[in-house]
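What follows is a set of notes on a single structure, which appears directly below.
The sequence lines fix the lettering, A, B, ..., with proteins before strands; numbering per chain opens at 1.
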There are 2 protein chains.
Amino acid sequence: MPETARSIARRPENRYGNRPTMKDVAARAGVGLKTVSRVVNGEPGVTPDTERRVQEAIDALGFRRNDSARVLRKGRTASIGLVLEDLADPFYGPLSRAVEEVSRAHGSLLINGSSAEDPDREQELALALCARRVDGLVIIPAGDDHRYLEPEIRAGVATVFVDRPAGGIDADVVLSDSFGGARDGVAHLIAHGHRRIGFIGDMPRIHTAAERLRGYRAAMEDAGIPVEATWMSLGVTDPVRVRRAAEEMLSGPDPVTAVFAGNNRVTVTVVRVLAEHARRVALVGFDDFELADLLQPGITVISQDPARMGRTAAERLFQQLDGSLLAPERIELPTRLIARGSGELPPED
Amino acid sequence: MPETARSIARRPENRYGNRPTMKDVAARAGVGLKTVSRVVNGEPGVTPDTERRVQEAIDALGFRRNDSARVLRKGRTASIGLVLEDLADPFYGPLSRAVEEVSRAHGSLLINGSSAEDPDREQELALALCARRVDGLVIIPAGDDHRYLEPEIRAGVATVFVDRPAGGIDADVVLSDSFGGARDGVAHLIAHGHRRIGFIGDMPRIHTAAERLRGYRAAMEDAGIPVEATWMSLGVTDPVRVRRAAEEMLSGPDPVTAVFAGNNRVTVTVVRVLAEHARRVALVGFDDFELADLLQPGITVISQDPARMGRTAAERLFQQLDGSLLAPERIELPTRLIARGSGELPPED
DNA sequence: GTGAAAGCGCTAACAA
DNA sequence: TTGTTAGCGCTTTCAC
């Protein structure tokens, strides 16, 4: 079919910027299309002289291979997706960075997005990434039903969950020992003489929140301490909500003498509330955070290793892509109690 | 062995992602290819009955549109790239998140990567994103020569720089008033009686570091204070280097009585050093950080607004893509001094 | 060593 | 309302 001015003008690339293609390079270098492809991809079977001519044409035209087209042909996109809760949360910075480093080491790009703790948005994002044909997906789940991913996994999308397990499907998951960590933290408070201990955590539908609450209950039960309903508060980690929860526990007829904070967002807000408070209240927080050691007192935490979680998950993902993995596995990373002062304060009534 | 989505994916015929296409859906539904396309894209001109049949075939086959192919045809990828220094740095969390939100509002996905402050890696990453045909690029530059982007920009890739200007090309840039902020911060220390003031900053080739140093010098000059060479230390923000720099300034025959820290990485390390130090030393840091108000004393900072920077840059990017922008512009956002105690300490010899 | 032709999965243009 | 055809820019195959 003859090229008309109209057909040329209608071409999409002429609306958004006209880039040279291999065909253009080939025409300019006076060689065939495939020869250009060989040069661009460093394939053998091109004489140095031809190669030089092609390279000159590439430079002159400012050609850059269109990886979208390449992907379409090759099947693999050399990119993976990361769905997390909030890029701005300091917990996810090191985690993303670790995923990125592993991805880079495998020649992949990382596409990522935040679910904002909204299950619908998580699904929308994950499926958009699948439509882009990412090779794999690392997901920090917001929702608890991931059956929507079943066709994708069946179609070959490698998938690893981090921090919280998948719901409704059998998939790899890398998580911290939330139950054990919380139990240890609360036991630590009990060992320092506390009996009236509060727990402030994230929404109960979030796995880590539920597990940490379970750890709290277990520690209390182990010590034979009956738990009052008013000592537990689960909900969004929004400062306003957490502040109110903390203030309620600290006031009233039978106030708590210690608080266990379910994650770093909660801890930070509780630290603020306690700073305004006359009575000294002990505090242990799940997850470490910068400067925790420099506060007065230093904040005792159950530390987890987000970078290691990210690295482990990403490595597992690429193992899946290598085809070297069989059954989905649950990998639980240990936590560590770091005593800094706030968790060792005695009860004060 | 039970059949799981994973085991199905591992079957030879599925190894390379054997996914159903529109053609498969069309065959199953007994309609033409274009009709499937219409249904998938919600285009009009399909009877409810046909639509239902197509939808059934889609669900039965687990079809998901291949956006790579779509992109190839349409020209726009509906994705933008973000090249930053380190995803794990708390300064970039809110910035990335803001870029992501704007991107999402425009129906785009965000692909991002860290340059690790390495100019070669920045270039490699930016060009890889161009090869993926991202529609636009938000770059926090590590290098100071961006002429490598010239062919890309000419080819229509929208580009906005953040935090530091581009080198060698004329491009939009969104930055904080580093010079003015640093000058204000140092003037604040001078106003509180300090004369021997140290400056610890990032590598001098980084624009913000150079500007902040310039602000420091300007404030000192305005006050008629000659600056000693030993009061200034520029280099990597690695804690070891910063710690040594701080310790040197604080010891010696003529130690500084105040320190201006060039960014949040530096500030945090200086806070640690000062905490171990007997003598009270005043401190002002560029860039705010979480819990700065809860330290003893609270840390006085020059605060900038990373989320606003990200938002501004991303909005500008999409304006470029709308074709509604003319000349590249330099947008400088104001900084704000937040006094919290550390910057108001009097000199102590 | 080199290149022509087919086709990856989709959308645009046009025909029926 | 629906279907057919021709590409998007690249890689694969196979012939020269």
*Going 5' to 3' through nucleotides 11-16 of chain D, assign each nucleotide B (protein heavy atom under 4.0 Å from a base atom), S (under 4.0 Å only from sugar-phosphate atoms) or - (no protein heavy atom that close).*
BB----

*Would you call B:Glu124 and A:Arg104 a salt bridge, taking side-chain N to carboxylate O under 4.0 Å as the test?*
yes

*Between D:dG9 atom C1' and A:Asp24 atom CG, what is the distance in whole Å?*
10 Å

*What is the distance from CG of B:Leu72 to C1' of C:dC8, rounded to the nearest Å?*
9 Å

*Would you kindly give the CG-to-P distance between B:Asn66 and D:dC10, to the nearest whole Å?*
17 Å

*asked:* Assess whether a salt bridge exists between A:Arg121 and B:Glu101, defined as any Lys/Arg side-chain N lying under 4.0 Å from an Asp/Glu carboxylate O.
replied: yes

*Determine, for B:Arg28 against B:Glu56, whether the closest basic-nitrogen to carboxylate-oxygen distance falls under 4.0 angstrom.*
no

_Rounded to whole Å, how long is the line connecting atom NZ of A:Lys23 with atom P of D:dC8?_
6 Å

*Just how far, in rounded Å, is C1' of C:dT11 from CG of B:Asp67?*
12 Å

_Any donor-acceptor pair under 3.5 Å linking the side-chain atoms of B:Asp86 with those of B:Ser114?_
no

*asked:* Counting neighbours of CZ on A:Arg147 that are heavy atoms of other residues, nucleotides or ligands and sit closer than 6.0 Å, is the number greater than 12?
replied: no

*asked:* Rounded to whole Å, please give me the gap between CZ in B:Arg64 and P in C:dC10.
replied: 12 Å

*Would A:Arg65 and A:Asn41 count as having a side-chain donor-acceptor pair, cut-off 3.5 Å?*
yes

*Please confirm whether the backbone N or O of A:Ser115 pairs with a side-chain atom of A:Glu122, one donor and one acceptor, at under 3.5 Å?*
no

*Would you indicate what B:Ser68 reaches in the nucleic acid, counting non-hydrogen atoms under 4.0 angstrom: base, sugar-phosphate, or nothing?*
nothing

_Once you apply a heavy-atom cut-off of 4.0 Å, does A:Val31 come out as touching a base, just sugar-phosphate, or nothing?_
sugar-phosphate

*Taking only Watson-Crick and G-U wobble pairs with both distances under 3.5 Å, what dot-bracket line describes DNA chain D, where [ ] shows pairs that cross earlier ones and | shows pairs with another strand?*
||||||||||||||||

*Under 4.0 angstrom between B:Thr35 side-chain N/O and D:dG3 OP1 or OP2*: yes

*When the distance from CZ of A:Arg19 to C1' of D:dC10 is rounded to whole Å, what number comes out?*
14 Å

*Minimum-distance nucleotide to A:Thr21 side chain [options: C:dG9, D:dC10, C:dT2]*: D:dC10

*Please answer whether the main-chain N or O of A:Pro141 pairs with a side-chain N or O of A:Arg164 as donor and acceptor at a distance below 3.5 Å.*
yes

*Among side-chain atoms of B:His146 and B:Gln123, is any donor-acceptor pair under 3.5 angstrom?*
no

